[in-house]
Amino acid sequence: MQLAGKVALVTGGSLGIGEAIARAFGREGAHITVDYFHHREPAEHVCREIGHGRAIAVQADVSKVADIERLVQTTVEKFGRLDILVNNAGIEMPTPFLEVTEEQWDQQLAVDLKGPFFVAQAAARQMIKHKKGKIINISSVHEDLPMPGNAAYCAAKGGLRMLIRTLADELAPHHINVVGIGPGAIATPINKHTLEDPQKVQALLSTIPLGRIGKPEDVAGLAVWLASDAADYVTGTTFFIDGGLMVHAGSL
């Protein structure tokens, strides 16, 4: 029960990594707001499984500041405070650079960078009241590792990398820790097309020293530790959880 008595908000908490984090936080005793955009029933199912009035599902578009403020305010009204934020909501729209439209660029940056910025801002305003908080941002190995055909996504995650470091410095006087988690290849709906192609899977596995694709639960375990008091001296960095992908050199 590492998070007993804590209140957490998980954006994009209805599926994939967000769902696994919400469930893990629930097992560790936290009260949770599960944010969703489209997937209402999966979000409500997660809340029912956490049970005992300890979780609520709230629809909000994290690219809209009004929705963000309502999301955070609903959390505080229900549970009395906010201790932990997990900025998980994100989208990916793989497109060759020369074909990316203004609409695609705006949409990805709005969800993947603007969203984390303003959700963190609204959450930090609440955390400051209690002089303590944890802001965990789900980034990607692609905040550092280029991915041709996905320039907008990489740009957003690169921006998130610097946002994490800057906010960690600015919010440290308020005892708010700001960190990132950079997943590599994780079996989630966002990777559905790759995982359904045996050739792509084999090519991917050849770049992962540990020889397997990660599970959402792998990421959730790290998120629990970062959200707990055991990680109180950790801030301003990204923890890559990628089976060794970032350090794989290949053969000469």
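Note that these values count all heavy atoms, side chains included, but never hydrogens, waters or copies made by symmetry.
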Student: Does a salt bridge link Lys157 with Asp112, judged by any charged N lying under 4.0 Å from a carboxylate O?
Tutor: no
Student: Any side-chain donor paired with an acceptor under 3.5 Å for Ser14 and Glu19?
Tutor: no
Student: Hydrophobic clusters here meaning ILVMFWY residues chained together by side-chain heavy-atom distances under 4.5 Å, can you tell me if Ile241 and Val179 are in one?
Tutor: yes
Student: Heavy-atom distance under 4.5 Å between the side chains of Asn150 and Glu92, does that happen here?
Tutor: yes
Student: Would you call Asp218-Arg212 a salt bridge at under 4.0 Å N-O?
Tutor: yes
Student: Can you find a pair of side-chain heavy atoms, one from Ile181 and one from Thr238, that are under 4.5 Å apart?
Tutor: no
Student: Under 4.5 Å between side-chain heavy atoms, hopping through other hydrophobics if needed: is there a path connecting Phe118 to Leu163?
Tutor: yes
Student: Would you check if there is a donor-acceptor pair between the side chains of Glu99 and Thr95 at a distance under 3.5 Å?
Tutor: no
Student: Does any part of the side chain of Lys6, heavy atoms only, come nearer than 4.5 Å to the side chain of His31, both counted from C-beta?
Tutor: no
Student: Can Arg48 and Glu41 be counted as an ion pair, charged N to O under 4.0 angstrom?
Tutor: yes
Student: Would you say CD of Glu170 has more than 12 non-hydrogen atoms from neighbouring residues, nucleotides or ligands within 6.0 angstrom?
Tutor: no
Student: Scan Asp35, Ile50, Thr74 and name whichever one has a side chain to side chain contact (heavy atoms under 4.5 Å, CB included) with Ile56.
Tutor: Thr74
Student: Do Leu204 and Ile186 sit in the same hydrophobic cluster, where Ile, Leu, Val, Met, Phe, Trp and Tyr count as joined when their side-chain heavy atoms come under 4.5 Å apart?
Tutor: no
Student: With a 4.0 Å cut-off on N to O distance, would you call Asp61 and Arg70 a salt bridge?
Tutor: no
Student: Measure the shortest side-chain to side-chain distance between Leu3 and Ile84 over non-hydrogen atoms and say whether it is less than 4.5 angstrom.
Tutor: yes
Student: May I ask you to decide if Pro116's main-chain N or O and Asn87's side chain share a donor-acceptor pair within less than 3.5 Å?
Tutor: yes
Student: Check for me, please, whether Val10 and Phe79 land in the same ILVMFWY cluster - side-chain distances under 4.5 Å, paths through other members count.
Tutor: no
